[in-house]
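Structure record follows, encoded as structure tokens.
This structure is a prediction, so every number in the text was calculated from the model and none was measured. We name chains A, B, ... by the order of the sequence lines, and we start the count at 1 in each one.
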2 protein chains.
Amino acid sequence: MASTQTEQKSARSRRGTGSYDERRIKLAESALRTLGQLGYARTSLRDIAANSEFSHGVVHYYFRDKTELIIFCVKHYKTQCMHRYDSVVSESTTADGLLTGFADKLVQTLSEEPSMHRLWYDLRSQSMFQEALRVDVYDIDRGLEDMIWRVVTRYAELSESRPMIESRAAYTMFDGIFESALRDFLADRAGTVEWIRAQVTSLLPALCTPVDSTSS
Amino acid sequence: MASTQTEQKSARSRRGTGSYDERRIKLAESALRTLGQLGYARTSLRDIAANSEFSHGVVHYYFRDKTELIIFCVKHYKTQCMHRYDSVVSESTTADGLLTGFADKLVQTLSEEPSMHRLWYDLRSQSMFQEALRVDVYDIDRGLEDMIWRVVTRYAELSESRPMIESRAAYTMFDGIFESALRDFLADRAGTVEWIRAQVTSLLPALCTPVDSTSS
DNA sequence: ATTCATTCTTGACAAGTGTCAAGACCAATT
DNA sequence: AATTGGTCTTGACACTTGTCAAGAATGAAT
């Protein structure tokens, strides 16, 4: 039933602009903005609709229920966010360049989209209570871990060293720093940007140990 | 008005057992159990009352509103949890003893009270949206940071070394590892305990660098 | 035994929730 | 012009929520 629906509806677009899938995404992005401001628990379908161009009933036309909408939003966010550092990784030619580029991007991310990130942490916490969220949260978390690992391995490469720790541990460290800095940033505490920059700048080199050039 | 109330009511205890303050705590502990199972957002005052020996109306006798109850619960939890590692710190006589003692306690904490910890992370995430929670969450976070710092400095002392990083950074790292392990533990993923033990066992020594014995 | 303040229960209220059915709207097809 | 079927709005539903008022229950003080 769902597949038939999708096929038929995506064939034509009557109202507004764009196809069925495009409007699904439009609704999801509108929902993401609202979720980022109010948080997962305090956002109702009517809040979402009020901040969009639709009425509150339309949600059940595009999504089965609230949970499906949320999960769709999260997955959509994932695809946007997962490769944020790829350009930094590919364009850096020196270890120091990568280091400052990474730190800059982290700071930019922190200060430009804090609401999206607090929503992510909100959902990740909720996944500890709601089993329905666990799989998707886990997938995103692993995606972010891979993203960080690409940075770490590339830095090791450029600095002719080897990562001292495994992917998972490296991610939890940067993630912990970022989450802590995000709370400070949202609470308007001073020195947040300087702190996270200093932390990242010292952590990344510390995670890599020079390779023994005499061997092999 | 609140002070008068407290004075008078704590003077005598009619119903049940214990004073006014003791029953406040009893209600709060009951609330903590329920909150730990359902999460902050999905727990209603009726849920809390249902899992206690009281009726749902009694909450407004002991607390002004829901937020005051939550904050009281959190602070109560804080006092319980804040000095969990003190005995490990004071009783350890060698660096390795402290290391394994710390790791054991972390594992024990993780596996014995996972619900309390997911509640804490839940509230900390909520504090990014609700300003009313920020101060208390911040205080607890600093208390936990101090707790970790006591472990780190003591380890440095016993291993005749110096911490390489500052208190805040050390805390975010251990906290990140713990939170990640907690999600794995709650999702019944295998190897969680071994992972966190390995991480902690390697991280704590890595945070300390041998002191230069020739100087001073 | 009566009084009395404290403690607790009950029932109700208004507001807000997710969900859904009924139908209006509208563009393309006939 | 009439029909068709995807799109969207409206209004309602059953339910839950925090809050509070009214009063019952309780045990100490008189």
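Nearest-nucleotide mapping onto DNA chain D: of A/Tyr62 and B/Lys66, the residue sitting toward the 5' end is A/Tyr62.
In this structure, CZ of A/Arg46 is placed 10 Å from P of C/dG16, rounded to the nearest angstrom. The CZ atom of B/Phe63 sits 13 Å away from the P atom of D/dT19 (whole-angstrom rounding). The CZ-P distance, from B/Arg42 to D/dT16, rounds to 14 Å in whole Å. The interatomic distance linking B/Phe54 (CZ) with D/dA25 (C1') rounds to 15 Å, in whole Å. One can place NE2 of A/His56 at 12 Å from P of C/dT19, the figure rounded to the nearest angstrom. The nearest whole Å value for the distance from the OH atom in B/Tyr61 to the C1' atom in D/dA25 is 13 Å. Nucleotide D/dT17 holds its P atom 11 Å from the CD1 atom of B/Ile48, rounded to whole Å. Regarding B/Leu69, its CG atom lies at a distance of 14 Å from the C1' atom of D/dT19, rounded to whole Å.
For the OP1/OP2 pair of D/dT10 and a distance below 4.0 Å, the side-chain nitrogens and oxygens of A/Ser55 include no atom meeting the criterion. The phosphate of C/dT17 has OP1 or OP2 within less than 4.0 Å of a side-chain N or O from A/Ser44.
For A/Phe54 and A/Tyr61, the distance between ring centers is not under 6.0 angstrom.
Side-chain atoms of B/Thr34 come within 3.5 Å of backbone N or O of B/Ser30 as a donor-acceptor pair.
Between A/Phe178 and A/Tyr121, the angle of the ring planes lies from 30° to 60°, which puts this pair in the tilted group.
Neither side chain, B/Gln199 nor A/Arg168, offers a donor N or O lying under 3.5 Å from an acceptor on the other.
Distances from the side chain of B/Leu45 to the nucleotides C/dT17, C/dC20, D/dG18 place D/dG18 closest.
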